[in-house]
Amino acid sequence: MEEALALAEEAAADGETPVGAVIVDRNGNVIGRGRNRREAGDPLGHAELLAIREAAQAMGDWRLEGTTMVVTLEPCAMCAGALVNARVERLVFGALDPKAGFCGSLGNLVQDPRLNHRLEVVSGVEEARSRELLQRFFRQLRTRERTERWQSG
C-alpha cells in the first residue's frame, strides 16, 4: 500500500485525482503500477487499468492469475470489471468510494456469483491515509476554484 499511496501523491501533484494502484505477483514482486491520468486526456486513465496493462505486459499474458491489486480507493464499475476479466485473484483497497465504488459500496461486481471469476476482497487497508489524501486534494481544488472565481469577478 505504501507504493500505491506514493503513486497517488504523484497523481495529486499533477492535478489528477489521487489514486494509485500496484499489482503484485505470487512472490510479492510489483509487476504493475498505475496512477490516475484522466486529466492528461485519457478517459480510461484510471490507476487500476494502467496497472493491469503493465502487469499483463510483465507476465506476457492477459490472465493475471495469482496476483493481487493494491489500490488506494475502491474501484469503480469499469475497473472492477477489468479486475474480473483479467482474473486478478485478490483486491486490497484503502478508502471506500460511496459515490462510484463497485467492490462493496454501490454494488459488488468483483464478487458477483453470476460471473465466471470472483476476487477475494480486503478493504480498509490504510483507509485513513487514503481518505485524507483524497479529502485534502478536493479541499485544495475547491479553494483554488473559489479563488479563481473571486479573482475573475
Side-chain angles (χ1 to χ4, degrees), residues 1-40 42-59 61-142:
M1 185 60 85
E2 289 299 322
E3 188 161 353
L5 284 162
L7 288 164
E9 290 276 6
E10 289 177 19
D14 285 344
E16 298 279 355
T17 301
V19 178
V22 296
I23 295 183
V24 296
D25 65 15
R26 283 184 172 97
N27 300 318
N29 300 310
V30 175
I31 58 170
R33 293 170 182 79
R35 61 183 184 87
N36 273 8
R37 294 187 183 273
R38 291 176 58 202
E39 298 301 323
D42 182 0
L44 302 178
H46 289 219
E48 299 94 329
L49 298 181
L50 299 172
I52 287 170
R53 181 175 292 132
E54 189 173 288
Q57 289 172 346
M59 289 183 71
D61 194 349
W62 64 267
R63 291 174 195 85
L64 301 180
E65 294 166 348
T67 63
T68 298
M69 170 168 284
V70 180
V71 61
T72 57
L73 181 66
E74 177 184 3
C76 69
M78 176 175 66
C79 293
L83 289 165
V84 170
N85 285 313
R87 308 296 194 268
V88 172
E89 184 175 313
R90 186 170 179 240
L91 169 65
V92 176
F93 70 85
L96 290 169
D97 186 352
K99 294 183 179 181
F102 241 81
C103 300
S105 289
L106 295 178
N108 196 349
L109 192 61
V110 296
Q111 294 182 321
D112 191 314
R114 296 170 294 180
L115 298 176
N116 64 338
H117 178 74
R118 285 168 290 291
L119 284 73
E120 174 189 346
V121 176
V122 178
S123 62
V125 175
E126 293 289 358
E127 180 178 8
R129 287 177 63 197
S130 297
R131 186 176 47 249
E132 158 53 31
L133 182 56
L134 287 156
Q135 289 172 337
R136 183 177 21 148
F137 174 80
F138 286 111
R139 197 169 37 248
Q140 290 170 345
L141 183 62
R142 285 189 298 274

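Scope of the values below: all heavy atoms of this structure, side chains included, with no hydrogens, waters or symmetry mates.
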Please name all residues satisfying side chain to side chain donor-acceptor pair (under 3.5 Å) with Q111, sequence neighbours left out, ordered by chain then number.
N108
Go through E54 and I23 one step at a time and tell me if the side-chain contact (heavy atoms from CB on, under 4.5 Å) criterion holds.
CA-CA 9 Å; E54 189 173 288; I23 295 183; over 6 Å; no
Okay, side chain of N27, backbone of N29: is any donor-acceptor separation there less than 3.5 Å?
no
Nearest heavy-atom neighbours spanning V71 and M1:
O-CE, 3.5 Å
Grab the two heavy atoms, one from S130 and one from L5, that are nearest each other, plus how far apart they are.
OG-CD2, 3.7 Å
Once salt bridge (charged side-chain N to carboxylate O under 4.0 Å, His left out) is applied, what residue pairs with a partner in residues 7-25 remain, sequence neighbours excluded?
E9-R136, E10-R35, D14-R35
Give the C-alpha distance, both sets of side-chain angles, the deciding distance and a yes or no for side-chain contact (heavy atoms from CB on, under 4.5 Å) between L115 and L109.
CA-CA 8 Å; L115 298 176; L109 192 61; 3.9 Å; yes
Shortest non-hydrogen contact between F102 and C76, atoms and distance:
CB-C, 3.8 Å
From N36 CG over to L50 CG, what is the distance, rounded to the nearest 0.5 angstrom?
8.0 Å
Just jot down the side chain to side chain donor-acceptor pair (under 3.5 Å) partners of D112, sequence neighbours excluded, or say none.
R114
Taking only residues two or more places apart in sequence or in another chain, which ones pass salt bridge (Lys or Arg N to Asp or Glu O under 4.0 Å) with R131?
E127
Decide side-chain contact (heavy atoms from CB on, under 4.5 Å) for M69 and L64; before the verdict, give the C-alpha distance in whole Å, the side-chain angles of both, and the deciding distance to 0.1 Å.
CA-CA 10 Å; M69 170 168 284; L64 301 180; over 6 Å; no
Could you pull out the closest heavy-atom pair between P75 and C103, with the gap in Å?
CD-SG, 3.7 Å
Pairs involving residues 68-82, ordered by first then second residue, that meet side-chain hydrogen bond (donor to acceptor under 3.5 Å, both in side chains) (sequence neighbours left out):
E74-S105
Could you pull out the closest heavy-atom pair between V22 and L7, with the gap in Å?
CG1-CD1, 3.8 Å
Carefully, step by step, assess R129 and E2 under the rule side-chain contact (heavy atoms from CB on, under 4.5 Å).
CA-CA 10 Å; R129 287 177 63 197; E2 289 299 322; 2.6 Å; yes
Beyond-backbone contact of L134 with L73, side-chain heavy atoms, under 4.5 angstrom
yes
Taking CZ in R118 as the centre, count heavy atoms belonging to other residues, nucleotides or ligands within less than 6.0 Å. Is the count above 12?
yes
CD of E89 to CZ of R26, rounded to nearest 0.5 Å, is 6.5 Å
Just to verify, what does E3 make a salt bridge (Lys or Arg N to Asp or Glu O under 4.0 Å) with, not counting sequence neighbours?
R33
Name the atoms and distances for all side-chain donor-acceptor pairs under 3.5 Å in residues 90-100, with sequence neighbours left out.
unit_1: R90; atom_1: NE; unit_2: E120; atom_2: OE2; d: 3.3
unit_1: D97; atom_1: OD1; unit_2: K99; atom_2: N; d: 3.2
unit_1: D97; atom_1: OD1; unit_2: A100; atom_2: N; d: 3.2

Go through the structure and list residues passing side chain to side chain donor-acceptor pair (under 3.5 Å) with Q140, not counting sequence neighbours.
none
With heavy-atom distances below 4.5 Å as the criterion, would you say the side chains of T17 and F138 are in contact?
yes
What is the minimum heavy-atom distance between A51 and G34, and which atoms define it?
CB-N, 3.8 Å
Look up atom CG in L119 and atom CZ in R87, then write down how far apart they are to the nearest 0.5 Å.
10.5 Å
With sequence neighbours excluded, tell me which residues meet side chain to side chain contact (heavy atoms under 4.5 Å, CB included) with A82.
L49, I52
